[in-house]
Amino acid sequence: MKPNSKLLQRLRSWMRGRYGQNDTLNRFLNNLALLLIVISFFIRTGWLLLIAVILIGISYWRLFSKKIYQQVAINRGFQRFWSPIVRPFSRLKYQVK
């Protein structure tokens with residue numbers, strides 16, 4: 001796609017003023033949804049797939065939200081919960097390197 005194409009300009013103007021960040025919470029929601037989709041292939045239950053679709057929907061809702069400060073606050077709250085869980089694994093990864 002050309003850098004100055006009309007479609008790209010329309011997309012830029014539509015995304016102006018939106019959150020548009022692939023932050024920690026969005027990555028977690030997407031990874032959890034992907035894991036649930038893979039599990040649903042083996043277990044063959046529809047409710048896991050439904051939960052995965054809902055998680056992806058929440059992720060996209062946050063991505064296109066115009067309430068930027070609210071989404072940043074939600075992400076910070078998630079990071080306060082998530083950082084103590086992940087910190088020992090990241091230290092172990094650093095020590096292995």
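Summarising the geometry, atom OG belonging to S5 is positioned 10.0 Å from atom CZ belonging to R10; distances are rounded to the nearest 0.5 Å. Taking CG from L63 and OG from S65, the interatomic distance works out to 9.5 Å, rounded to the nearest 0.5 Å. With rounding to the nearest 0.5 Å, the separation of CZ in R12 from CD in Q9 is 7.5 Å. To the nearest 0.5 angstrom, Q71 atom CD is 8.0 Å from D23 atom CG.
Using a 4.5 Å heavy-atom cutoff, the side chains of F64 and M15 are in contact.
Applying the under-4.5 Å side-chain rule to Ile, Leu, Val, Met, Phe, Trp and Tyr, the cluster around F78 extends to L25, F28, L29, L32, L35, L36, I39, I43, W47, L48, L50, I51, I54, L55, I58, I74, F81, W82, I85, V86.
In this structure, Y60 places its OH atom where only 12 or fewer heavy-atom neighbours from other residues, nucleotides or ligands lie under 6.0 Å away. Annotation: R27, atom CZ; neighbour count of heavy atoms from other residues, nucleotides and ligands within 6.0 Å is above 12.
When all heavy atoms of Q79 and T24 are compared, the pair lying nearest together is NE2-OG1, 2.9 Å. Contact detail for G17 and I68: the closest heavy-atom pair is O-CD1, 3.8 Å.
Under the 3.5 Å distance criterion, the side-chain polar atoms of S83 are left unmatched by any main-chain donor or acceptor of R80. A distance-only check finds no donor-acceptor pair linking the side chain of N26 to the backbone of R62 [under 3.5 Å].
The cationic group of R18 lies under 6.0 Å from the six-membered ring centre of W14 and within 45° of the ring axis, placing it in a cation-pi geometry.
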